[in-house]
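Encoded as structure tokens, the structure appears first; notes follow it.
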Number of protein chains: 4
Amino acid sequence: MVDPKLLDETAAGVFTIAATPFLPDGALDLESIDTMVDFYEAKGATGLTILGMMGEAGKLSAKESSIVIDRVTTRASVPVVVGVSAAGLAAIKALTDTAMERAAAGVMVAPPSTLRTDDQIIGYFQMVAEVLGDVPWVLQDFPLITDVQISPRVIRTIMDTCPTCVMLKHEDWPGLEKISTLRKHEAEGARRISILCGNGGMFLLEEMIRGADGAMTGFAYPEMMADVARLMKAGEEARARDLFDAYLPLMRYEQQPGLGLAIRKHILAKRGAIAHATVRRPGTVLSPATIAEVETLIARQDARLAALA
Amino acid sequence: MVDPKLLDETAAGVFTIAATPFLPDGALDLESIDTMVDFYEAKGATGLTILGMMGEAGKLSAKESSIVIDRVTTRASVPVVVGVSAAGLAAIKALTDTAMERAAAGVMVAPPSTLRTDDQIIGYFQMVAEVLGDVPWVLQDFPLITDVQISPRVIRTIMDTCPTCVMLKHEDWPGLEKISTLRKHEAEGARRISILCGNGGMFLLEEMIRGADGAMTGFAYPEMMADVARLMKAGEEARARDLFDAYLPLMRYEQQPGLGLAIRKHILAKRGAIAHATVRRPGTVLSPATIAEVETLIARQDARLAALA
Amino acid sequence: MVDPKLLDETAAGVFTIAATPFLPDGALDLESIDTMVDFYEAKGATGLTILGMMGEAGKLSAKESSIVIDRVTTRASVPVVVGVSAAGLAAIKALTDTAMERAAAGVMVAPPSTLRTDDQIIGYFQMVAEVLGDVPWVLQDFPLITDVQISPRVIRTIMDTCPTCVMLKHEDWPGLEKISTLRKHEAEGARRISILCGNGGMFLLEEMIRGADGAMTGFAYPEMMADVARLMKAGEEARARDLFDAYLPLMRYEQQPGLGLAIRKHILAKRGAIAHATVRRPGTVLSPATIAEVETLIARQDARLAALA
Amino acid sequence: MVDPKLLDETAAGVFTIAATPFLPDGALDLESIDTMVDFYEAKGATGLTILGMMGEAGKLSAKESSIVIDRVTTRASVPVVVGVSAAGLAAIKALTDTAMERAAAGVMVAPPSTLRTDDQIIGYFQMVAEVLGDVPWVLQDFPLITDVQISPRVIRTIMDTCPTCVMLKHEDWPGLEKISTLRKHEAEGARRISILCGNGGMFLLEEMIRGADGAMTGFAYPEMMADVARLMKAGEEARARDLFDAYLPLMRYEQQPGLGLAIRKHILAKRGAIAHATVRRPGTVLSPATIAEVETLIARQDARLAALA
């Protein structure tokens, strides 16, 4: 019997990229992990992804990573995906073992930035799949950060040869044609996978039109992603667009590279999801001007949502 | 007496990054240059920038570049800035000579992607300034494409030592704090420069708040930039935001790297500014799905603008 | 009847990457072009490659490029390959036309640094081949500079689909296995191509063992490449190694990125091939310490060659 | 009283970059750590550097890193430097604590590849210094891998503001002028630091002339670096050059990126330093042709060294 919490290709909705909460002195804030998990679930998350790039995974020691995994999986009632990208297979394996022992639903792997040719990319993920054994995993495709471009044909080859890869975390930019091509492959007989999209939600509307199953990103209003995904599945595109447009000015602002995480944590703290907006060093501290701009955007967003209701 | 058409630090409003129109077979479309120039000016452009990255400058032969400069400067009644970035100073000098002979207002230079340290960047632009003589020039700061990060202190040093640099084409992302810092330098005594912003207009609203003088970008609705810049100068922030938000869904879609130019040309052709949407090879051809998404966004934008009027 | 000077897959020996000589004030030094061509031929060059990366092609205006092509092809009695890499196909086509009108033997094209996936690389070179018509061309594979990695399978696909591509300028590092794989493809039925190697000559010995036909690089002692290639073809590996080792300390020193061109021109001037060691700006000026180190290496090289003779 | 084993600015000679030995199945080979440490010391190492880029640090789990540190520091009688580069300060701090508890002499830190401007680089290392407390550390300057270029002025600022930084691991290429400039700074009053050089030893001779204190690299013949450094300090430049030249053909071959580590381990195994040449996955397996080329180079090297003796 398949464990009902293991990730598979039917995953849909919103897998929120979870922040990692810290106390003002930079220590892990474990109580905020609990409130944050509750917040995400209350706002419609159908899954959680932890220790991703926006989760400041690289700033945690191995022991801290283990503590975060434990706390989140203990609290969450939705499936939890754990980012395990690392420079070597041994570290990937070690972190995956930790994750799966604590009842994670699967893991997520991004390619190292040294990969260039199709064969290098395919070869890398086949090695990863071999090392992971029967653990279901997510292929993270995020060229803006990794500098690795993965063509649809390469993704298909990986899917064809690695049955445990059940999801694409789609974060190419532009990437809409890629989704269409992958779904066309499936119409032609390729194995179905789940496609959840990143890019801060900035293209969620069109991504759903192209065949995505939902979002995997950390925009501080998970309810936007949940509602847009739900409305699009229900065929209510006009309502989905109205909602999407209402959030877009803030989405755009939060999507600034480097700065975005600090803005996101500021909003999460403001919304009561976490106690402190602290970003671990090295990281960004928001200026008063930035905070003022965020507050203005939130106020306008609230007004517009009220007008829509 | 100063030539009234030469670029100086008072430049403001919208310097539209002009497309380069082609016939379906890829040849230059000279008549469309005329209609495009007229279109930009009718929509509020206070200047034009040609042969920039989005003008497919790299795809033109030297002779074609010269023809484009001639045609645009002959037709335009607003100042024309010519992009002259090249791998070597001789090519920069040659193209600048061609531009200034044809009554361009100034030239624009981006750093070669090999520059890394502050001293390398400063040294490069000082050489450029020396080679350009008394021609006024624009420093193009576009790290997403050039991979060169220029700190505010470096910009200040360039401004302090190169009096002919009169404008910053600001396209850092995120870049709002940079504008604030540069304006703070001026409050502390640094020479004033014009700051016009790129990024497809996506941050124009906050850029104006931080002290920018307007936009230099190619979004296919120059009237948005002209109106937002005008309203912000007039202190009508709420109206500026309403207008900005109405255009944002399409701005976001047009801002997709690589794809954006084809979308922009599609809209310019649709609006009658140019006869054909042709992008020269190597370049992108829009899929039917992309065109449908653009059309939907335009229809919603029109409706929203009508509601605002 | 085939023009006997057109490049084909039998090319072998040493195609020297020619410097572009300048006067002390940075102007083209046309007389030095003549003496340099004579020098290269006297030292055993079986071909010349001009306007490559080390020929400061990017620093020339279009008119200057044309002058250089004309002067070299007029003087040379060996085949001349012209580097025509550019951002767009129109510029590649224009420069190729200029080159072939002046009796060049063929052209050389490097991929733009934005290419990543196999399909992008293959598609790009197929477009290039289409644009070049029946002009024979060289595929330049130089990942250290272009940041584009081309797998053997991609090279084979290009060779299979572009019959006018007759040579690989091999400059991958490491790249020995790539040569072996390509020659294995030919043993299995693929079309033969000429493989000439770069990397400053640093691996010429092993490259010949793996099946290369010679060198295409600009080390200031072309006779080393000519002799090593000749001795290896003649089966005199031990003598080839003795000779190679004698030049290696200086080859290593000349191969420093950025600095190498200035060193090379210093030696060429010292050897009487060109009148001045001038590197056009932006470029490197050698320090007295560097010049002293070069002189020491030359003196030891002379002594060692004398001992071998 | 200062702990005699802590690293300081007097460090000189050869700090060998130690390999990490593995069993054929990829597990750590602890017994080979002992024999390798003994080998390095017998061949003249005055220090050891572990968990560097060439030590496959990225492929180890946190637990394995700790085991390697423990085994090496227990066995070694020379100072041990531990590479602690990581994406975040918490991980750097955790690994440093582990290292110093096990009597390491200091740690080494390379900049993350996202750093670009001078201020970013300076700010990063100042944060690192603050986090490390009073632990002496080495600044690793390796632009070919990190893509971060650090100017001499930036190094000087770091040295001026971070008294615990006692050494530069110099691996810029070209980098000879940088050494000269740093030593000139010291002549003008800057604090002295130790400069040990990498680049596989390829420029050790000139680096010593410019003022370096020795080598920190992993060429499989540490005696070459020890002897060259010693002879240069003793003023016996001609003998140093003869020795250097004898090793150069193999040094050059071992210095191939990606491939070099596998070659180095092959030679270390052949010399009896480690039991197996295993490189952990993902990694390179040497082809028979490569092994044959290495063996030829070793045979010629042995003959030439015998002739010198």
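Just so we're on the same page: letters track the sequence lines, and every chain starts at 1.
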Task: A:R239 atom CZ, neighbour heavy-atom count above 12 within 6.0 Å - done: no
Task: Side chain proximity check, B:Y253 to A:L205, heavy atoms < 4.5 angstrom - done: no
- [ ] Select one option (side chain, backbone, both, neither) describing which atoms of A:T290 are under 4.5 Å from chain B's heavy atoms.
- [x] both
- [ ] Specify the closest pair of heavy atoms between B:P257 and A:P174, including all atoms of both residues, with the distance to one decimal.
- [x] O-CD, 3.1 Å
Open item on the list: Is there a side-chain contact between A:L144 and B:L144 in this structure, where contact means two heavy atoms from C-beta onward sitting under 4.5 Å apart?
Closed with: yes
Task: Segment of B:F244 engaging chain A (4.5 angstrom heavy-atom cut-off) - done: side chain
Task: Per-residue contact mode, B:D242 against chain A (heavy atom under 4.5 angstrom) - done: both
Open item on the list: Within the structure provided, determine whether A:R241 and B:L297 are in side-chain contact (heavy-atom separation under 4.5 Å).
Closed with: yes
Open item on the list: With a 4.5 angstrom heavy-atom cut-off, is it the side chain or the backbone of B:E177 that approaches chain A, or both, or neither?
Closed with: side chain
Open item on the list: For the CZ atom of B:R300 and the CG atom of A:D245, what is their distance to the nearest 0.5 Å?
Closed with: 4.5 Å
Task: Closest-packed option against chain A by number of heavy-atom pairs under 4.5 Å, given B:G175, B:G260, B:P249, B:G258 - done: B:P249
Open item on the list: Rounded at 0.5 Å granularity, tell me how far CG in A:D147 sits from CG in B:D147.
Closed with: 8.5 Å
Open item on the list: Between B:R210, B:R304, B:R252, B:Q255, who has the most heavy-atom pairs with chain A when the cutoff is under 4.5 Å?
Closed with: B:R252
